[in-house]
Amino acid sequence: DRSNVSIIDKVLNDKKIFTFDQNKNFILLKRDNIEIDVSDDLMISSYLLNYNTKDDIAYLMNSSGYDVTFYQNSLKNGFDKKDILLKARFIYDTRDKYIEMLEKEEMLDLYKDIEMPLITVLANMEYSGIRVDRNILKDMDEEMSLRLKEIETEIYDLAGEEFNISSPKQLGVVLFEKLNLPYAKKTKTGYKTDVSILNKLASYHPIINKILEYRGLSKIKSTYLEGLTNYIREDGKIHTIYKQNLTRTGRLSSVEPNLQNIPARDEDGRKIRKAFLPCNDMFLSADYSQMELRVLAHVSDSKELQQAFINDEDIHSRVAADMYGTTIDEVTKEMRKTAKAVIFGIVYGISGFGLGENLEISATDAKKFINKYYELYPGVKNYMDRIVEEAYRDGYVKTMFKRKRVIDELNNKNFMIRQSGERIALNTPIQGTSADIMKIAMIKIFNEMKEKNLKSKMLLQVHDELIFDCLKEEKDVLEELVRRNMENCVKLSVPFKVSHDYGTDWYETK
DNA sequence: GCATGATGC
DNA sequence: AGCATCATGC
């Protein structure tokens with residue numbers, strides 16, 4: 001009921017305000033040009049403290065003895081006034097307790113200096129939205145329908161029968177029983193038919209590449225061409241929602257739609273980006289290069305890795321040269337690719353098995369690469385041993401900015417699950433610290449843009465990348481401001497490097 | 001509602 | 001192999 005909404009800012013003007021989900025409040029009130037200054041948000045504090053709150057305070061309250069209606073049910077059956085009062089009372093009554101718990105966990109700074117200020121930044125990005133041209137998507141969709149129809153016919157011809165290509169179950173039967181192809185691997189429900197399996201089969205039968213193409217194109221059609229169109233609003237824009245209380249590492253997630261997984265690598269898919277357009281003159285995109293590896297170099301205090309970044313070397317080539325005992329100039333594409341896979345493995349908390357799968361070599365050979373890497377970068381090895389030991393001792397790990405993640409997997413009876421817990425312990429401080437730093441950069445950039453009264457807007461965040469809708473007269477100021485804040489908001493033992501690009505659509509903005 | 005498989009960093 | 005979201009089949 002918005003009939004009395006205009007009195008809200010008068011009533012709340014000089015008060016301290018505690019909320020649950022200020023982002024939602026912000027966007028509701030923004031329509032009436034009301035901006036209130038919120039001091040505490042229970043959804044955020046409970047998230048940092050590892051409570052399961054989702055987007056509904058009912059989860060939190062009902063797990064401590066209340067019986068309030070879940071938001072989804074209230075939407076269906078109407079809101080009960082008593083319920084609303086109970087929730088408000090709960091927010092007010094528990095505020096001090098939650099602040100105390102944050103302080104005890106050393107997360108008060110994280111809460112006050114990062115997560116609370118970030119709410120406004122995200123709400124503004126969501127409110128701005130990004131312009132998407134539905135006609136571009138429609139044209140691409142029509143072309144895609146034709147291509148899919150063609151491929152479909154070719155697949156039926158090659159298979160000698162018609163079947164549902166989108167059903168992994170039916171496809172498995174065709175490939176492994178009818179065509180008798182090798183590498184048949186079972187899942188619970190049938191045969192595995194994912195990319196890695198199909199790639200191995202490509203040289204055995206021409207149907208395989210057609211299936212891979214069909215899978216890729218139908219993903220583009222259903223999720224992006226059709227999916228995105230459904231989210232274009234009256235204003236011609238897509239307004240994604242950033243979830244600030246979901247991931248276990250501190251990253252954001254993006255939903256309805258997810259704008260953090262718009263195709264980038266595959267050329268066919270990448271074309272989707274042509275439909276994303278600026279409202280001002282152009283997009284500016286700025287991304288951290290090798291963010292997680294730089295964070296690893298810092299948290300592990302690996303002098304060798306740090307030196308490579310200080311020298312601004314191509315890190316994958318550097319590691320390849322060291323691993324194979326050559327100079328950087330002698331590194332081949334294949335050597336670099338292997339080194340890159342090993343480095344990824346390190347960031348994800350390596351196992352010989354996992355790396356072997358990825359490189360399609362035996363686990364034993366993969367383990368040799370890993371050992372070689374440890375020899376070259378003893379600091380990284382020490383870090384990995386230390387963080388796993390600490391995780392077993394404490395039951396949790398923390399990021400550089402004290403974000404905490406409890407790892408229950410480490411107490412599991414199952415060896416595989418404990419191993420997975422060790423990988424989580426290795427990866428979370430790296431991924432989480434990167435997320436912390438990106439959040440700090442976003443807040444600084446947002447505030448400085450506001451201070452300087454810039455009309456350009458921050459629109460999207462994709463983990464290590466920010467996208468702005470830029471006015472041409474603000475181009476130079478914005479570019480300098482963004483780079484300076486991203487590179488300098490946090491000082492590590494290695495420099496951060498930010499690269500940027502401009503474009504009149506998102507496709508052009510490499 | 002779960003499993004599978006596509007997409008991103 | 002770490003962290004995610006969405007579409008589809010069954």
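Throughout, protein chains are lettered first and strands after them, A, B, ... in sequence-line order, and every chain is numbered starting at 1. Note that the structure is a prediction, hence the values are computed from the model and not measured.
A salt bridge does not link A:E106 with A:K404: every distance from a Lys NZ or Arg NE/NH1/NH2 to an Asp or Glu carboxylate oxygen is 4.0 Å or more. Between A:R393 and A:E389 there is no salt bridge, since none of the side-chain N atoms of the basic residue sits less than 4.0 Å from a carboxylate O of the acidic one. A salt bridge links A:K210 with A:E154; the closest basic N to acidic carboxylate O contact falls under 4.0 Å. Ion pairing between A:R131 and A:D235 fails under the 4.0 Å rule for side-chain N and carboxylate O. Using a 4.0 Å cut-off between charged side-chain N and carboxylate O, A:R418 and A:E422 make no salt bridge. Between A:K138 and A:D141, no side-chain nitrogen of the basic residue sits less than 4.0 Å from a carboxylate oxygen of the acidic one, so the salt-bridge criterion is not met. Comment: A:R147 does not engage A:E150 in a salt bridge, judged by the lack of any side-chain N to carboxylate O separation of less than 4.0 angstrom.
Applying the salt bridge (charged side-chain N to carboxylate O under 4.0 Å, His left out) definition to pairs two or more places apart or across chains, those involving residues 191-207 of chain A are A:K192-A:D194. Annotation: side chain to side chain donor-acceptor pair (under 3.5 Å) contacts involving residues 168-177 of chain A, sequence neighbours excluded, comprise A:E177-A:Y191.
Backbone-only contact: A:V462 has heavy atoms under 4.0 Å from sugar-phosphate atoms and none from a base. Counting non-hydrogen atoms under 4.0 angstrom, A:R270 reaches nothing in the nucleic acid. Across all strands, A:G345 comes closer than 4.0 Å to base atoms (heavy-atom distances). Backbone-only engagement by A:D194 is indicated by non-hydrogen atom pairs under 4.0 Å involving sugar-phosphate atoms exclusively.
Applying the salt bridge (Lys or Arg N to Asp or Glu O under 4.0 Å) rule to A:D436 yields the partners A:R403; only residues at least two apart in sequence or on another chain are considered. Listed by chain and number, the residues in a side-chain hydrogen bond (donor to acceptor under 3.5 Å, both in side chains) with A:H500 are A:E479, A:R483 (sequence neighbours excluded). Not counting sequence neighbours, the partners of A:F276 by the ring-ring contact (aromatic ring centres under 6.0 Å, His included) test are A:W506. For A:D312, the side-chain hydrogen bond (donor to acceptor under 3.5 Å, both in side chains) partners at least two apart in sequence or on another chain are A:K497. Among residues two or more places apart in sequence or in another chain, the ring-ring contact (aromatic ring centres under 6.0 Å, His included) test is passed with A:Y374 by none.
Of the residues in residues 416-442 of chain A, those placing a heavy atom less than 4.0 Å from an atom of DNA chain C are A:R423, A:I424, A:N427, A:Q431, in numerical order. Near DNA chain B, meaning a heavy atom under 4.0 Å away, there are no residues from residues 113-149 of chain A. Using a 4.0 Å cutoff on non-hydrogen atoms, the parts of residues 251-269 of chain A near DNA chain B are A:R251, A:Q260, A:N261, A:I262, A:P263, A:A264, A:R265, ordered by number. Listed by residue number, A:N164, A:S166, A:S167, A:Q170 are the residues of residues 161-170 of chain A with a heavy-atom contact under 4.0 Å to DNA chain C.
When DNA chain C is scanned in the 5' to 3' direction for atoms under 4.0 Å from non-hydrogen atoms of chain A, the outermost contacting nucleotides are C:dA1 to C:dC10.
For the pair A:K192 NZ and B:dT4 P, the computed distance is 7 Å after rounding to whole Å. A straight line from OH of A:Y242 to P of B:dG8 spans 16 Å, rounded to a whole angstrom.
No donor-acceptor pair closer than 3.5 Å links the side chain of A:E161 to the backbone N or O of A:Y156.
Atom NZ of A:K185 is surrounded by 12 or fewer heavy atoms from other residues, nucleotides or ligands within 6.0 Å.
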